[in-house]
Amino acid sequence: MSSSKTPIRVAVTGAAGQIGYALLPRIANGDMFGSDQPVILQLIEIPNDKAMAALKGVAMELEDCAFPLLSDIVLTSDPKIGFKDAHWALLIGSKPRGPGMERNDLIRENGPIFTGQGRAIAEHGHSSVRVAVVGNPCNTNCLIAMHSAKGLPRERFSAMTRLDQNRAQAQLAARAKVPTTSVTNTLIWGNHSATQVPDYKNTRIGGKSAESVIGDLKWLQGEFFSTVQQRGAAIIQARGLSSAASAASALIDHVRDLVRPTPAGEWRSVCVSSDGSYGVPEGLISSFPVRADGKGGWSIVQGLDLDSFLKQRLQATVAELAKEREVVANLLS
Ligand code: NAD
Ligand code: LMR
């Protein structure tokens with residue numbers, strides 16, 4: 001298929017890593033921006049021979065797929081070149097955790113990556129550039145990038161809890177013995193960490209509250225909660241490596257649903273800069289129910305009710321985000 005549309009430039013850091021390998025063919029195939037939207041992939045890796053050779057191999061495979069929508073591939077270790085005129089910057093490049101670690105154990109090593117990248121995106125990206133952060137701890141890394149990207153509006157920045165949303169959706173569908181499509185408005189609050197809050201009250205199954213359909217609050221507050229919160233660790237335990245195919249798929253969903261208008265009555269879980277909604281301190285990057293307008297804007301859905309258990313858990317995850325912000329205060333110039 002050929003298209004007359006101008007290509008979208010997509011910068012991807014950590015492009016030779018596990019997530020990159022699963023992600024890039026999906027973007028080039030049109031899964032992120034649509035089946036008639038050409039893309040240029042601007043792939044960024046660290047300046048070392050091994051990483052750049054691996055990146056070259058990834059690019060060779062992309063060429064060998066002969067994707068009709070893939071207009072060009074740029075390979076670089078220079079953020080100035082990698083982010084040049086980019087419409088989207090997908091920040092994946094960073095170290096993953098190993099068994100026994102929490103994601104925020106990575107903060108001191110990974111956090112500094114996002115200062116230089118934030119600056120480079122603001123200086124070299126397209127005037128409409130939008131940023132999605134995946135590298136962990138993704139909420140706080142997004143905060144660092146947002147503070148470093150002088151002049152770019154906060155609304156351009158998001159971090160990913162879509163994988164947690166998809167995990168919660170799958171767990172609820174299995175428990176209710178319904179297809180995953182019957183579970184809608186799946187909602188995660190707070191941090192992409194073990195304190196995240198999967199909201200069984202506002203998530204719906206067949207249009208009704210998941211709480212009423214499942215009818216087992218002990219399971220929802222116990223096994224369901226901990227399965228979703230600990231799923232990343234369980235995958236690391238099983239594979240010896242962190243999630244990659246599901247993370248790449250979640251990033252496709254995350255960006256696609258920020259670009260398109262959200263269907264009436266629905267929302268998606270997205271980590272965005274708080275405006276103080278639901279008592280989350282202003283400026284923290286926290287997961288909220290978000291609706292996209294299809295024109296580059298989004299809003300936080302207001303007026304959802306939480307029970308006392310969910311409210312208490314929301315306070316705890318937000319306290320963790322505030323603590324992470326203190327740890328990286330020196331990077332938030
Ligand atoms: P990986 O180790 O396979 O790949 C990471 C790649 O990033 C490597 O190729 C490395 O060379 C590159 N890199 C490191 N620093 C870089 C920099 N400054 N610029 C450009 N590239 C750089 O790791 P992975 O499995 O692809 O995971 C990447 C990150 O995504 C990890 O931090 C992981 O914890 C996180 N992650 C987040 C989610 C989520 O839901 N938010 C899900 C899965 C993984
Ligand atoms: C995940 O949720 O799978 C990722 O954040 C990787 C991890 O460290 O758990």
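When a ligand or atom number is given, it counts from 1 through the structure's own listing order. Reckoned from all heavy atoms, side chains included, excluding hydrogens, waters and symmetry mates. Numbering of residues begins at 1 and proceeds along the displayed sequence.
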Report task. Without swapping roles, check the side chain of Thr203 against the backbone of Leu187 for a donor-acceptor pair under 3.5 Å. Result -> yes

Report summary line: A student checking ligand 2 against Gly232 at a 4.0 Å heavy-atom cut-off should list atoms 1 (C), 2 (O), 3 (O), 9 (O)

Report summary line: For atom 28 (C) of ligand 1, the closest protein heavy atom turns out to be Ile92 O, 3.4 Å

**Report entry** atom 34 (O) of ligand 1: nearest protein contact (heavy atom, Å)
**Finding:** Asn136 ND2, 2.8 Å

Report task. Considering heavy atoms of the protein only, find what lies nearest to atom 14 (C) of ligand 1 and give residue, atom and distance to 0.1 Å. Result -> Ser94 N, 3.6 Å

Query - Location of contacts on Arg103 toward ligand 1, heavy atoms closer than 4.0 Å - result: neither

Report summary line: Atoms of ligand 1 under 4.0 Å from any heavy atom of Ser242, numbered from 1 in the order shown, are 25 (O)

Query raised in the report: Looking only at heavy atoms, what is the nearest atom pair of Glu320 and Asn104, with distance?
Result: OE2-ND2, 3.6 Å

Report task. Would you mind telling me which of Asn110, Leu91, Thr115 makes a side chain to side chain contact (heavy atoms under 4.5 Å, CB included) with Asn141? Result -> Asn110

Requested in this report: Considering only non-hydrogen protein atoms, determine which one is nearest to atom 41 (N) of ligand 1 and report residue, atom name and distance to 0.1 Å.
Outcome: Val134 O, 3.2 Å

Query raised in the report: Quick one: which ligand 2 atoms are inside 4.0 Å of a heavy atom on Asn136?
Result: 4 (C), 5 (O), 6 (C), 8 (O)

**Report entry** Side-chain heavy atoms of Asn202 within contact of Trp267, under 4.5 Å
**Finding:** yes

Report summary line: Among non-hydrogen protein atoms, atom 4 (O) of ligand 1 lies closest to Gly17 CA, 3.2 Å

Query raised in the report: Short list, please: which atoms of ligand 1 are under 4.0 Å from a heavy atom of Gly14?
Result: 6 (C), 7 (O), 12 (C), 20 (C), 21 (N)

Query raised in the report: Side chain or backbone of Gln229 under 4.0 Å from ligand 2, or both, or neither, by non-hydrogen atoms?
Result: neither

Query raised in the report: At what distance is the nearest protein heavy atom to atom 18 (N) of ligand 1, and which residue and atom is it?
Result: Ile113 CG2, 3.4 Å

Report summary line: ligand 2 atoms nearer than 4.0 angstrom to some heavy atom of Ile236 are 7 (C), 8 (O)

Report summary line: So CD of Glu211 and CG of Asp216: to nearest 0.5 Å the spacing works out to 10.5 Å

Query raised in the report: What protein heavy atom sits nearest atom 27 (O) of ligand 1, and how far away is it?
Result: Ile19 CD1, 3.5 Å

Query raised in the report: When rounded to the nearest 0.5 angstrom, what is the spacing between CD in Gln18 and CZ in Arg239?
Result: 5.0 Å

Requested in this report: Would you kindly say whether Ser287 and Gln196 are connected by a side-chain donor-acceptor distance under 3.5 Å?
Outcome: no

Requested in this report: Just jot down the ligand 1 atoms closer than 4.0 angstrom to any heavy atom of Ala247, in number order.
Outcome: 42 (C), 43 (C)

Query raised in the report: Would you call Lys201 and Asp305 a salt bridge, using N to O less than 4.0 angstrom?
Result: no

Query - Ligand-residue contact atoms, ligand 2 with Ser242, heavy atoms, under 4.0 Å - result: 6 (C)

**Report entry** Steps toward ring pair (Phe, Tyr, Trp, His ring centres under 6.0 Å) verdict (Phe309, Phe225)
**Finding:** CA-CA 11 Å; Phe309 177 88; Phe225 236 74; 5.3 Å; yes

Report summary line: Among non-hydrogen protein atoms, atom 5 (O) of ligand 2 lies closest to His192 NE2, 2.6 Å

Query - Within reach of ligand 1, part of Ser243 (heavy-atom separation under 4.0 Å) - result: both

Report task. Check whether any heavy atom of Gln117 sits under 4.0 Å from an atom of ligand 1. Result -> yes

Report task. Provide the number and element of each atom of ligand 2 under 4.0 Å from a heavy atom of Arg97. Result -> 7 (C), 8 (O), 9 (O)

Query raised in the report: Are any of the N or O atoms of Thr13 closer than 3.5 Å to those of ligand 1?
Result: no

Query raised in the report: To which of Ser246, Ser243, Cys138, Ala194 does the heavy atom nearest atom 3 (O) of ligand 2 belong?
Result: Ser243

Query raised in the report: Taking NZ, NE, NH1 and NH2 as the nitrogens, is one of them in Glu282 or Arg154 under 4.0 Å from a carboxylate oxygen of the other?
Result: yes

Query raised in the report: Purely on distance, is any nitrogen or oxygen of Cys138 under 3.5 Å from one on ligand 1?
Result: no

Query - Identity and distance of the protein heavy atom lying nearest atom 8 (C) of ligand 1 - result: Glu45 OE2, 3.5 Å

Query raised in the report: Are Asp105 and Arg97 close enough, and set up right, to give a salt bridge (charged side-chain N to carboxylate O under 4.0 Å, His left out), and what steps lead you there?
Result: CA-CA 8 Å; Asp105 292 336; Arg97 66 172 163 158; over 6 Å; no

Requested in this report: Please identify which atoms of ligand 1 are closer than 4.0 Å to at least one heavy atom of Lys95.
Outcome: 31 (C), 32 (O)

Report task. Give the contacting part of Arg231 toward ligand 2: side chain, backbone, both or neither, where contact means a heavy-atom distance below 4.0 Å. Result -> neither

Query raised in the report: Taking both backbone and side-chain atoms of Gln18, is any N or O found less than 3.5 Å from an N or O belonging to ligand 1?
Result: yes

**Report entry** Check: Val255 and Val10 side chains under 4.5 Å, non-hydrogen atoms
**Finding:** no

Query raised in the report: Taking atom types as modelled and ignoring hydrogens, do the side chains of Thr262 and Arg268 form a donor-acceptor contact shorter than 3.5 angstrom?
Result: no

Query raised in the report: In ligand 1, which numbered atoms sit nearer than 4.0 Å to a non-hydrogen atom of Ile46?
Result: 11 (O), 13 (N), 14 (C), 15 (N), 16 (C), 17 (C), 21 (N), 22 (C)

**Report entry** Polar side chain donor-acceptor pair, Ser277 to Gln302, under 3.5 angstrom
**Finding:** yes

Query raised in the report: Regarding Glu324 and Asn191, is there a side-chain donor-to-acceptor distance under 3.5 Å anywhere?
Result: yes

Requested in this report: Examine Met32 and Ile73 and state if one hydrophobic cluster contains both, with Ile, Leu, Val, Met, Phe, Trp and Tyr joined whenever side-chain heavy atoms are less than 4.5 Å apart.
Outcome: yes

